[in-house]
S.K.: 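First, the structure itself, so that you have it in front of you.
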Protein chains: 2
Amino acid sequence: MKRPPRLEIPRKAIYRLSIYLRCLLRLKANRLPTVSSEALARAAGVKSTQLRKDLTYFGQFGTRGLGYDVEQLAQLITDLLGTNSLQPVILVGVGNLGTALLSYRGFEQEGFEIIASFDIEPRRGRHSTKPLLPMDQLAAFVHERGVKMAILTVPVTAAQEVTNQLVAAGITGILNFAPIVLQVPEDVIVNNVNLAIELENLSYFIQG
Amino acid sequence: MKRPPRLEIPRKAIYRLSIYLRCLLRLKANRLPTVSSEALARAAGVKSTQLRKDLTYFGQFGTRGLGYDVEQLAQLITDLLGTNSLQPVILVGVGNLGTALLSYRGFEQEGFEIIASFDIEPRRGRHSTKPLLPMDQLAAFVHERGVKMAILTVPVTAAQEVTNQLVAAGITGILNFAPIVLQVPEDVIVNNVNLAIELENLSYFIQG
DNA sequence: AATTGTGAATTGATTCACAGCT
DNA sequence: AGCTGTGAATCAATTCACAATT
């Protein structure tokens, strides 16, 4: 899969690719063979020019006068995102939120599988078929299974230290739920999710 | 609490306010009385000019030559965000993710309380002390308790229909976990969280 | 006739540079 | 001397306008 000038592409454009993909999959399920940028953009909640501009970062995929081939564009975006094959992910920190996410079956549907979880104190609560392992087995496990992505759900006080361990073990993508700005080498990428901040943000806007 | 020209303030600046607040609370816990924009910005992972610019949207709070009073600035941001008092939130859609979030105790610590959950089919699985109610009681409950915010964790196929019900019931802030762009009146605000998209986004950046 | 692809224009956000306080 | 507050300058993202293509 050719993906040329990755550096100048806005981060938000990549997020939108995921949104477009979801819309395309719905269209595909409805047996729609093609879609115009106008229709797809409406479904994704953006302007059609933005959709077209986003796609031009990666090449030309449409047919003028006709639109885009739904299946082909969906496959293209899947290739770009690298979610063709099921990707192994580990989860670190089996507290409240970690347990919650482990019992969430939604990741598998989207191409990700949490293959193991880790905690300093591996507790009684077994979770389905996935092993819950002590932290000292993390490095070996990650190496052996070639895991690249981790979901981080440890308390904020432990987050930076655990991150250091993850990075040392070879993890290059971290989905961080701890409310702290993690320090990582520049080849490691961190996406932050903070549910409390999302609620606070709503709170700000609904006042008045 | 005076909050003047709300319209022109960048959305991202509001998100950053939440981040600053968390840093300030840590400083406060460490008994630091004041902090410079430089130090606070470093903790928050932004440039000091950005922090100062963000604050000027709301007024002038620092002392030149000295910095900001930690406690006072924390209180100010709390006031701005409207999280002084515990805010009631409902959760709709008690499937996998909904159950997961109900068992997550992290919201209370940040000023939000899920006071009830709703589902078309209120199942056996009781969750702690919170009532799990059928959808037809939603409107009355929201009205009676003055609830303004909802966490939406229904399947994507039901998301728009349930959103319509929420809006009709008087909800004005929705934290949406369904992978769909919700149509709402302009006085209703929606924040989207999509864990699969966050993982996909990581996936894109770690390839190579 | 319809619709894409894209350089130019515009809008928005961030950073700079420094004036103004304490 | 140190640090905030902010207009001006820069940088980035979005939208426009239209040429190119089927």
Side-chain angles (χ1 to χ4, degrees), chain A residues 2 4-20 23-24 27 32-74 76-77 80 181 201 204, chain B residues 2-20 23-24 27 32-74 76-77 80 181 201:
Chain A
K2 201 59 63 52
R6 190 181 284 193
L7 288 170
E8 313 123 27
I9 302 171
R11 170 77 81 100
K12 288 176 80 180
I14 311 297
Y15 272 100
R16 287 192 295 264
L17 246 35
S18 285
I19 297 170
Y20 304 150
C23 297
L24 286 164
L27 293 171
L32 275 277
T34 61
V35 65
S36 68
S37 62
E38 192 59 43
L40 181 54
R42 193 166 35 244
V46 302
K47 287 228 165 42
S48 67
T49 48
Q50 177 150 77
L51 163 57
R52 295 203 299 275
K53 180 70 91 179
D54 285 345
L55 292 178
T56 61
Y57 291 123
F58 303 99
Q60 303 184 181
F61 312 107
T63 307
R64 293 173 197 222
L66 183 64
Y68 300 89
D69 181 292
V70 168
E71 176 133 23
Q72 180 186 303
L73 188 57
L76 173 92
I77 296 177
L80 286 172
V181 179
N201 192 258
Y204 173 83
Chain B
K2 204 57 66 50
R3 189 183 317 102
R6 187 182 284 196
L7 286 171
E8 312 123 27
I9 302 170
R11 170 75 80 100
K12 288 176 82 177
I14 311 297
Y15 272 100
R16 287 191 296 263
L17 246 36
S18 285
I19 297 170
Y20 304 149
C23 297
L24 286 164
L27 294 170
L32 275 277
T34 60
V35 66
S36 68
S37 63
E38 191 60 41
L40 181 54
R42 194 166 33 247
V46 303
K47 288 229 163 44
S48 67
T49 47
Q50 177 149 76
L51 163 56
R52 296 203 298 276
K53 179 71 89 180
D54 284 345
L55 292 179
T56 60
Y57 292 123
F58 303 100
Q60 302 184 182
F61 312 107
T63 308
R64 293 170 198 227
L66 185 65
Y68 300 89
D69 180 292
V70 168
E71 177 132 22
Q72 179 186 303
L73 188 57
L76 172 92
I77 295 178
L80 285 173
V181 179
N201 192 257

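Numbered from 1 within each chain, the chains take letters A, B, ... in sequence-line order. All values derive from a computational prediction rather than experimental measurement.
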S.K.: I need the CG-C1' distance between B:Leu51 and C:dA13, as an integer number of Å.
M.R.: 15 Å
S.K.: Can you name the closest pair of heavy atoms from A:Ile77 and A:Tyr20 and give their distance?
M.R.: CD1-CB, 4.0 Å
S.K.: Which heavy atom of A:Ile19 sits nearest a heavy atom of A:Ala44, and at what distance?
M.R.: CG2-CB, 3.8 Å
S.K.: Rounding to a whole Å, what distance do you find between B:Ile14:CD1 and C:dA13:P?
M.R.: 11 Å
S.K.: What is the minimum heavy-atom distance between A:Ala13 and A:Tyr57, and which atoms define it?
M.R.: CB-CE1, 4.1 Å
S.K.: Can you see which heavy atom on B:Ser37 is nearest to which on B:Tyr68, and at what distance?
M.R.: CB-CE1, 3.8 Å
S.K.: Set out, line by line, the N/O atom pairs under 3.5 Å between protein and nucleotides 19-21 of chain C.
M.R.:
unit_1	atom_1	unit_2	atom_2	d
C:dG20	N3	B:Arg64	NH1	3.0

S.K.: Do any pairs count as a salt bridge (Lys or Arg N to Asp or Glu O under 4.0 Å) and have a residue in residues 43-71 of chain B, sequence neighbours left out, and if so which ones?
M.R.: B:Arg16-B:Asp54, B:Lys28-B:Glu71
S.K.: Quick one: how far along DNA chain D does chain B reach, first to last nucleotide 5' to 3', anything under 4.0 Å to a heavy atom?
M.R.: D:dG2 to D:dA8
S.K.: Does the side chain of A:Arg52 get closer than 4.0 angstrom to OP1 or OP2 of C:dT4 through an N or O atom?
M.R.: yes
S.K.: Say you draw a straight line from CG of B:Leu17 to CD1 of B:Ile9; how long is it, rounded to the nearest 0.5 Å?
M.R.: 8.5 Å
S.K.: Quick check: closest heavy atoms across B:Leu80 and A:Tyr204, and the distance to 0.1 Å?
M.R.: O-CD1, 3.2 Å
S.K.: The criterion is side chain to side chain donor-acceptor pair (under 3.5 Å); which residues satisfy it with B:Glu38, sequence neighbours excluded?
M.R.: B:Ser48
S.K.: Apply side chain to side chain contact (heavy atoms under 4.5 Å, CB included) to the pair A:Leu40 and A:Leu73, showing each step before the final yes or no.
M.R.: CA-CA 11 Å; A:Leu40 181 54; A:Leu73 188 57; 4.1 Å; yes
S.K.: Is there a residue in residues 40-50 of chain A whose heavy atoms reach under 4.0 Å of DNA chain D, and which residues are they?
M.R.: A:Lys47, A:Thr49, A:Gln50
S.K.: Across the strands shown, which category fits A:Arg11 at heavy-atom distances under 4.0 angstrom: base, sugar-phosphate, nothing?
M.R.: nothing
S.K.: Roughly, in whole Å, what's the span from CZ in A:Phe58 to C1' in C:dG5?
M.R.: 15 Å
S.K.: Please name the pair of heavy atoms, one in B:Leu24 and one in B:Val70, separated by the smallest distance, quoted to 0.1 Å.
M.R.: O-CG1, 3.5 Å
S.K.: Who are the side-chain contact (heavy atoms from CB on, under 4.5 Å) partners of A:Ala43, not counting sequence neighbours?
M.R.: A:Cys23
S.K.: Would you indicate what B:Lys12 reaches in the nucleic acid, counting non-hydrogen atoms under 4.0 angstrom: base, sugar-phosphate, or nothing?
M.R.: sugar-phosphate
